[in-house]
Amino acid sequence: MQSYESLPDNKGHFEEFGGKFVPETLMAALEELEQAYKQSKGDKSFKEELDYLLADFAGRPTPLYFAKRLSDKYGAKIYLKREDLVHTGAHKLNNCLGQALLAKKMKKKRIIAETGAGQHGVATATVAALFGMQCQIYMGEEDIARQQPNVERMKLLGAKVIAVTSGSKTLKDAMNEAIRDWVTNVTTTHYLIGSVAGPHPYPMMVRDFQVVIGLETKQQIVEKENKMPTHIIACVGGGSNAIGIFYPFLNSSTGTARRARTKLFGIEAAGLGLDSGKHGAPLARGNKGILHGSLSYVIEDDFGQITEAHSISAGLDYPGVGPEHSYFKEKGLVTYDSVTDAEALNGFETLSKTEGIIPALESSHAVAYLEKLKMAKDDLVIVNLSGRGDKDLDIVKKAGLK
């Protein structure tokens, strides 16, 4: 078995997953991006500028908060990694700052992005304003309707928000349109992908920009408890927040018996139920296929056509998942499970009323999994709280939660 630390290979493969399945027009842009990223990894000034922005602009490190009342409820010691406290309200800014610095290095004047729940769109619009770049965000018409606060934030930051009316009018279709734009304007434009999906080098690069979450968490939990956690839980759509917190803990999850074993749980959106046909869980109910430039698990019909995904959370209704998550599933490095819309709403309400923290509906899937997880009194559990829930209040109200 090849070590996860050596992946992806130089062609962007996590064994069979990943790769570059894109029009020839984009190959030069991907090569340019990969070279710029490789050079930046060894550039001291690049690292110093990114570290400065993560600290003084984004507000890192984020706290690792002991949730006492939640712990009392579930009978184990539970901590929350507070990515909801990052500037703009979610983990997305970590990656956007890194990619914006790369865009500046490549002398790109324009940034485009796709967004579902709007948090990646807001983070992209934020870095575009910070660096004085033009910005255009593609967002499904359905997501625009249910995420209006984030739409207004993007416009206020100077971004142009383009409503996508094709297909399911959600994240998948927004990504399709962003790729079409990039093909047309490849010399002047950087496509800022928000998750560990898409063609190489995006899955690798976004992972590396998000791994700050797990590195901080590892240091913080040792300082607080002097040991590794027994469980880490994170929601998975494309999968960037989960990769970010999981990656530094993989060595303790697959190590020898002498090491503390950390069990990693990635929680997908079961929507109305895995057997309902209205879900967004490609790892649970998908097949291997190609979507948006890479091979991973996808939701498709009997003819291999990508089908519509569903989740009450606009950020989890993506019919694919990052190729590295697909690799982790195959190798048994991470346990993937799912939570329904109703269970996520319960998680949303539980955290709000128990700890005074209103989570994003995406993060609520991870919180809700505490109901399913078998825990002992001496277990030490970390939930990655990937974003805050202000944006979801209208959705929750319409769902009948008071």
Side-chain angles (χ1 to χ4, degrees), residues 47 49-68 70-71 77-101 117-120 122-124 126-127 130 150 153 194-196 206-225 228-229 231-237 239-249 262 264 266-267 315 347-348 351-352 354-367 370 380-392:
K47 186 177 186 304
E49 187 172 5
L50 180 57
D51 287 346
Y52 162 73
L53 289 169
L54 287 171
D56 288 6
F57 187 72
R60 304 205 70 88
T62 58
L64 184 66
Y65 166 69
F66 172 54
K68 184 179 185 304
L70 203 65
S71 298
K77 206 162 193 178
I78 299 172
Y79 281 85
L80 305 176
K81 181 56 173 167
R82 297 292 308 276
E83 291 301 292
D84 59 312
L85 296 180
V86 176
H87 176 45
T88 72
H91 70 291
K92 294 293 186 180
L93 189 63
N94 305 325
N95 167 57
C96 288
L97 285 169
Q99 287 201 49
L101 286 175
Q119 288 301 128
H120 175 58
V122 169
T124 301
T126 297
V127 297
L130 179 66
N150 276 343
R153 291 169 76 193
S195 197
V196 285
V206 177
R207 175 198 71 197
D208 292 350
F209 286 139
Q210 291 293 1
V211 81
V212 65
I213 304 170
L215 293 173
E216 286 180 6
T217 302
K218 201 167 194 177
Q219 180 178 341
Q220 290 167 326
I221 197 64
V222 169
E223 289 172 353
K224 291 175 182 292
E225 298 288 344
M228 288 293 103
H231 306 75
I232 296 178
I233 310 170
C235 66
V236 175
S240 63
N241 89 90
I243 285 282
I245 196 167
F246 290 165
Y247 202 75
F249 288 92
T262 301
L264 308 174
I267 311 305
F348 181 95
L351 190 61
S352 298
T354 303
E355 293 291 344
I357 299 170
I358 302 173
L361 280 172
E362 290 82 7
S363 312
S364 298
H365 285 69
V367 175
L370 292 169
L380 183 57
V381 182
I382 297 174
V383 177
N384 196 26
L385 205 64
S386 58
R388 68 179 187 229
D390 315 42
K391 66 185 179 60
D392 294 318

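Keep in mind it's a predicted model, so treat the numbers as computed, not measured. Throughout, numbering of the chain's residues begins at 1 and tracks the sequence. Just so it is clear, the values below take in all heavy atoms, side chains as well, and ignore hydrogens, waters and symmetry mates.
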Tested for side-chain hydrogen bond (donor to acceptor under 3.5 Å, both in side chains) against His91, the lone hit among Ser386, Ser240, Ser363 is Ser240

Between Gln210 and Asn95, is there a side-chain donor-acceptor contact under 3.5 Å, judged purely by atom types and distance?
no

In Å and rounded to the nearest 0.5 Å, what is the OG1 to CG distance from Thr354 to Leu70?
6.0 Å

What do you reckon, is OH of Tyr52 surrounded by more than 12 foreign heavy atoms closer than 6.0 Å?
no

Which distance, rounded to the nearest 0.5 Å, do you find between the CD of Glu216 and the CD1 of Ile221?
13.5 Å

Is any side-chain heavy atom of Leu64 closer than 4.5 Å to a side-chain heavy atom of Ile382?
yes

Measure from the side-chain N and O atoms of Asp392 to the backbone N and O of Leu361, and report whether any donor-acceptor pair falls under 3.5 Å.
yes

Can you give me the closest heavy-atom contact between Gly266 and Phe246, atom names plus distance?
N-CZ, 3.8 Å

Given Phe348 and Val367, is the side-chain contact (heavy atoms from CB on, under 4.5 Å) satisfied, shown in steps?
CA-CA 8 Å; Phe348 181 95; Val367 175; over 6 Å; no

Mutual orientation of the aromatic rings belonging to His87 and Phe57 [parallel < 30°, tilted 30-60°, perpendicular > 60°]:
perpendicular

By salt bridge (charged side-chain N to carboxylate O under 4.0 Å, His left out), which residues pair with Lys47, not counting sequence neighbours?
Asp51

Verify side-chain contact (heavy atoms from CB on, under 4.5 Å) between Leu80 and Tyr65, making sure each step is shown before the conclusion.
CA-CA 5 Å; Leu80 305 176; Tyr65 166 69; 4.0 Å; yes

In chain order, what residues pass the salt bridge (charged side-chain N to carboxylate O under 4.0 Å, His left out) check against Glu355, with sequence neighbours excluded?
none

Kindly indicate whether a cation-pi arrangement holds for Lys224 with Tyr79, taking the cut-offs as under 6.0 Å to the six-membered ring centre and within 45° of the axis.
no

Which residue is it: Leu370, Val383, Ile358, Leu385? I am looking for the one with a side-chain contact (heavy atoms from CB on, under 4.5 Å) to Leu351.
Leu385

Pair Ile232-Val381, side-chain contact (heavy atoms from CB on, under 4.5 Å): steps then yes or no
CA-CA 6 Å; Ile232 296 178; Val381 182; over 6 Å; no

Please determine whether a side-chain nitrogen of the Lys or Arg among Lys92 and Glu83 lies less than 4.0 Å from a carboxylate oxygen of the Asp or Glu.
no

Given Lys81, which partner from the list Thr62, Asn241, Asn384 fulfils the side-chain hydrogen bond (donor to acceptor under 3.5 Å, both in side chains) test?
Thr62

Nearest heavy-atom contact between Gln220 and Pro61 is NE2-CB, 4.3 Å

Straight-line distance of Ile78 CD1 to Ser71 OG, nearest 0.5 Å:
4.5 Å

Check: Lys218 side chain, Pro248 main-chain N or O, donor-acceptor pair, under 3.5 Å
yes

Restricting to non-hydrogen atoms, name the atom on Val236 and the atom on Ala242 that form the minimum distance, rounded to 0.1 Å.
CG2-CB, 3.7 Å

Separation between CD of Gln119 and NZ of Lys391, rounded to the nearest 0.5 Å
6.0 Å

Supply the atom-to-atom distance Thr217 OG1 to Phe249 CZ, rounded to the nearest 0.5 angstrom.
5.5 Å

Side chains of Val206 and Ile243: closer than 4.5 Å at any heavy-atom pair?
no

What are the two closest heavy atoms between Ala123 and Thr88, and how far apart are they?
CB-OG1, 4.2 Å

Please step through salt bridge (charged side-chain N to carboxylate O under 4.0 Å, His left out) for the pair Arg388 and Glu362, ending with a clear verdict.
CA-CA 9 Å; Arg388 68 179 187 229; Glu362 290 82 7; over 6 Å; no

Nearest non-hydrogen partners of Leu93 and Ala58, listed with the distance:
CD2-CB, 3.7 Å

Which residues satisfy the salt bridge (charged side-chain N to carboxylate O under 4.0 Å, His left out) test with Arg153, sequence neighbours excluded?
none

Distance from Ile233 atom CD1 to Leu264 atom CG, nearest 0.5 Å?
10.5 Å

Closest approach of Ala366 and Ile267, non-hydrogen atoms and distance?
CA-CG1, 4.4 Å

For side-chain contact (heavy atoms from CB on, under 4.5 Å), just list the numbers for Gln219 and Leu215, CA-CA rounded to whole Å, side-chain angles, deciding distance to a tenth of an Å, and then say yes or no.
CA-CA 6 Å; Gln219 180 178 341; Leu215 293 173; over 6 Å; no

